[in-house]
**Student:** 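Here you go, one structure.
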4 protein chains.
Amino acid sequence: MPRPGRKRSEQSRQAILTAALELVAETGYGGLTVEAIAARAGVGKQTIYRWWPSKADVLLDALTAKASTFVPVPDEGSYAADLRAFLLATFTLGRDPRVVDVLRALMTHSQLDPAFGERFRVGFLQARRDALGVLLDRAAARGELPATPSPGTVADIVFGIVWYRVLATRQPLDPAQAEELLALLTGSTSSP
Amino acid sequence: MPRPGRKRSEQSRQAILTAALELVAETGYGGLTVEAIAARAGVGKQTIYRWWPSKADVLLDALTAKASTFVPVPDEGSYAADLRAFLLATFTLGRDPRVVDVLRALMTHSQLDPAFGERFRVGFLQARRDALGVLLDRAAARGELPATPSPGTVADIVFGIVWYRVLATRQPLDPAQAEELLALLTGSTSSP
Amino acid sequence: MPRPGRKRSEQSRQAILTAALELVAETGYGGLTVEAIAARAGVGKQTIYRWWPSKADVLLDALTAKASTFVPVPDEGSYAADLRAFLLATFTLGRDPRVVDVLRALMTHSQLDPAFGERFRVGFLQARRDALGVLLDRAAARGELPATPSPGTVADIVFGIVWYRVLATRQPLDPAQAEELLALLTGSTSSP
Amino acid sequence: MPRPGRKRSEQSRQAILTAALELVAETGYGGLTVEAIAARAGVGKQTIYRWWPSKADVLLDALTAKASTFVPVPDEGSYAADLRAFLLATFTLGRDPRVVDVLRALMTHSQLDPAFGERFRVGFLQARRDALGVLLDRAAARGELPATPSPGTVADIVFGIVWYRVLATRQPLDPAQAEELLALLTGSTSSP
DNA sequence: TCGTAACCGAGACGGTACGTCGTGTCTTCAG
DNA sequence: CTGAAGACACGACGTACCGTCTCGGTTACGA
């Protein structure tokens, strides 16, 4: 049942998302203020607060709306092929500076704002783990999964390396490293 | 050659470091303000600004001064033993909530303040990588090092998993996972 | 053409003016801080800085708004009657401790802040001289004005005595002295 | 009986007085800080606080030390001659910008610091009134004094006009105005 | 077609913290 | 003991954003 009243302005929504992405790319999270987003988008602050709980939620929205953050997990037939596909898709995404800037901002904000931290953990980080989980379950069903790095540890390793490079070393993700990781995790030819 | 003028007050320095650690434990980085540190330490704000470039530098100082952050790397005779020692020391440290709170704050601030980010990267993160590097060099000299995960990737994996759990999942570091990691990286008996 | 946005709060404005007057009466100009005004008025500091260039401008506003600083110059029929009315009104105002406290603060601030000094001189001091000037012009037109103390000097004498007592001797203005001044300036019966 | 220890440095004293005069001339009272005086004089702040209760006392000291502030009151033979001498000496002094700058600073500080205000009133302002008082007493003894402006009012008029021009209009004192004042106060030929 | 309700931009509001400046006191070392 | 140097606790400064709250004005549905 459509309520009365003016409709939400799609134009303002787009302007806000774009402004947020631009600002985070230009100045980092430190220079990202609600006032600056509103000013650049030509929008009142209230319009932002009306639709998003925090500026990080704006970014999260922008990330899922603009970039195709979604990493599909098609069945490639084997654990190795599945994992390779997942890693390459993930590492490719992690080479886009615009995406990386947003990821940094999201993780930073989740440390400052516990409520957002929970949303981010449940709605984003866990979703990525689940995607990898699907793949690992499939491998387990096939009996392909090595016993020793438990699925949880595999996820910790894969996402750990991504976030560590994004936040700590700030070096772009390297596809060659994805292959190293693949070899390590599938146990193929790793003897001295 | 001692300069003239009053000496720096060691008492104030200690009070500031302690206050910073307490506040970050109580309220997280979000509640850590220079004013609050100064108030709790019974100190003027200027005394903090005089000696530390930012509040995160205070924490970094407190971390290295109070907690024995230093992870020594004695030669245990083999790569596996060396790495086990390193991982256990690291994971143990990463189970101390006071240390973890500070680590979160440091990484958060390094995203907000690029200048501190550089200091943190060079003075802390790289130092930890170097410690692991000593160990890996020793193993390479002995010919014990598996070919495939390059030393850089080993470091990314080890520190990646630590930081990912500290920042993202917020689950305490698990010694059993250290053993998993050890098995994986030394290539010992990991077939299904 | 009304601009968009929330209107200025008249309630805040009144609270600020009142707080400023109270504080200057209680503690003098030395104890008058923008922070104290804001705190007492239950107002953010920014609200003060938004509307007044300095704390003295708040006081000046309060003086003209609250106290009836205005000294009317009705035509009393003769120079002597006009001047008596002017002097009595001025001296009466100068006996109100609340007014005197503010005057002291304004003159003090005008020495500290040259920009305010100019505003004060043009917008307040000159206005008072002009009021006296009207009266003197009228007397001149009637041919009542003694030749020797030029109008400018008459003004210097009248306002000089007021400010000197306010700032230097800190003695309340004395109506009897107004009569002395009147006799002197109108040249009535002043021989030995 | 000479106390033990190092003697007070006359060189430092002179440097402080000179620095204070220079600063007040360059920046007015607003830019006159103890730190700036100490820095320019090449002196520790403590040396200033040791010998003067406030920065205004430094200026007061400098004024009486450097400029010959003293207005002598020789007996010129008649009230008119005495008063003319006094007024011309006073107005001449009040035409020196360096003196005027200091006077402004002293009066300003006396509004901010009640203790200095009292010192200034008793030690400086009253001294000037007393000088004029000597002259008026002499005239009274001779029977030359007009009845109507009482001696106190004469003083209020004379010093009022000086301070009013120094603080309020900021116009230099005018010798012609001294003559006007003289004519007015001695009652000589002032009919229309 | 006319409320009425939700939207919009703008921007003022009460707050909190920022980083800086000056105060007057204190501590250190040199003369 | 004085003097230069400078660190100290303190308090106010003026600014930047926060998240909230009016404003006047604009859609757009339902009576």
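Naming convention: chains lettered A, B, ... in sequence-line order (proteins, then strands); numbering from 1 in each chain.
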**Student:** Tell me whether the side-chain N/O atoms of D/Thr47 come closer than 4.0 Å to OP1 or OP2 in F/dA4.
**Tutor:**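 Yes, within the criterion.
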**Student:** Between atom CD1 in C/Ile16 and atom P in E/dG15, what is the gap in whole Å?
**Tutor:**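 Answer to the nearest Å: 12 Å.
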**Student:** Of the nucleotides F/dA4, E/dG22, E/dC7, which has the atom closest to the D/Thr33 side chain?
**Tutor:**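 Side chain of D/Thr33 sits closest to E/dG22.
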**Student:** Please figure out whether D/Lys45 or C/Ala36 has its closest DNA chain F nucleotide nearer the 5' end.
**Tutor:**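 Whichever sits nearer the 5' end wins; that is D/Lys45.
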**Student:** Side-chain N or O of C/Ser9 versus OP1/OP2 of F/dT22: is the shortest distance under 4.0 Å?
**Tutor:**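 Result: no.
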**Student:** Go through the N and O atoms of the side chain of B/Arg6 and the base of F/dC8, and report whether any donor-acceptor pair is under 3.5 Å.
**Tutor:**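 No, no donor-acceptor pair under 3.5 Å.
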**Student:** Has A/Arg50 got a side-chain N or O lying under 4.0 Å from the OP1 or OP2 atom of E/dC8?
**Tutor:**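 So the side-chain polar atoms of A/Arg50 do come within 4.0 Å of the phosphate oxygens OP1 or OP2 of E/dC8, strictly under.
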**Student:** Measure the distance from CD1 on D/Ile48 to C1' on E/dT23 and round it to the nearest whole Å.
**Tutor:**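 In whole Å, E/dT23 C1' lies 12 Å from D/Ile48 CD1.
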**Student:** How many Å lie between CG on C/Leu32 and C1' on F/dG11, as a whole number?
**Tutor:**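 Rounding to the nearest Å, CG of C/Leu32 and C1' of F/dG11 are 15 Å apart.
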**Student:** Identify whether NZ of Lys or CZ of Arg in A/Arg13 sits under 6.0 Å from the centre of the six-membered ring of A/Trp51 and within 45° of that ring's axis.
**Tutor:**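 Here A/Arg13 fails the 6.0 Å and 45° test against A/Trp51.
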**Student:** Against the six-membered ring of D/Tyr49, is D/Lys55 placed for a cation-pi contact (under 6.0 Å from the centre, within 45° of the normal)?
**Tutor:**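 Judged by the rule (NZ or CZ under 6.0 Å from the ring centre, within 45° of its axis), D/Lys55 is not positioned above D/Tyr49.
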**Student:** Run the salt-bridge test on A/Glu22 and A/Arg98 with the 4.0 Å N-O cut-off and return the result as yes or no.
**Tutor:**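 Salt bridge between A/Glu22 and A/Arg98, a charged N being under 4.0 Å from a carboxylate O: no.
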**Student:** Are A/Gln111 and B/Arg170 close enough, and set up right, to give a side chain to side chain contact (heavy atoms under 4.5 Å, CB included), and what steps lead you there?
**Tutor:** CA-CA 10 Å; A/Gln111 306 303 320; B/Arg170 289 190 161 237; 3.2 Å; yes
**Student:** Mapping A/Ser54 and C/Gly5 onto DNA chain F by nearest heavy atom, which one lands closer to the 5' end?
**Tutor:**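 The residue mapped nearer the 5' terminus is A/Ser54.
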**Student:** Expressed in angstrom and rounded to an integer, what is the separation of B/Trp51 atom CH2 from E/dT20 atom C1'?
**Tutor:**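 Taking CH2 of B/Trp51 and C1' of E/dT20, I get 18 Å after rounding.
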**Student:** Would you mind reading off the distance between D/Gln46 atom CD and F/dC8 atom P, rounded to a whole angstrom?
**Tutor:**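 Whole-Å distance recorded here is 17 Å.
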**Student:** OH of B/Tyr49 versus P of F/dG6: gap in Å, rounded?
**Tutor:**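 Going from B/Tyr49 (OH) to F/dG6 (P), I get 23 Å.
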**Student:** Quick check on A/Gln11: does its CD atom have over 12 non-hydrogen neighbours (other residues, nucleotides or ligands) under 6.0 Å away?
**Tutor:**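 It does not: A/Gln11 CD has 12 such atoms or fewer within range.
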**Student:** Does C/Ser12 make a side-chain N or O approach to OP1 or OP2 of E/dG14 shorter than 4.0 Å?
**Tutor:**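 Yes, such a contact exists.
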**Student:** May I have the distance from B/Glu35 (atom CD) to F/dA9 (atom P), rounded to whole angstrom?
**Tutor:**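 Rounding to the nearest Å, CD of B/Glu35 and P of F/dA9 are 15 Å apart.
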**Student:** By nearest atom, which of the nucleotides E/dA10, F/dA9, E/dT23 is closest to the D/Lys55 side chain?
**Tutor:**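 The nucleotide sitting nearest to the side chain is E/dT23.
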**Student:** Rounded to the Å, how far apart are B/Arg13 CZ and F/dC8 C1'?
**Tutor:**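 That distance rounds to 17 Å.
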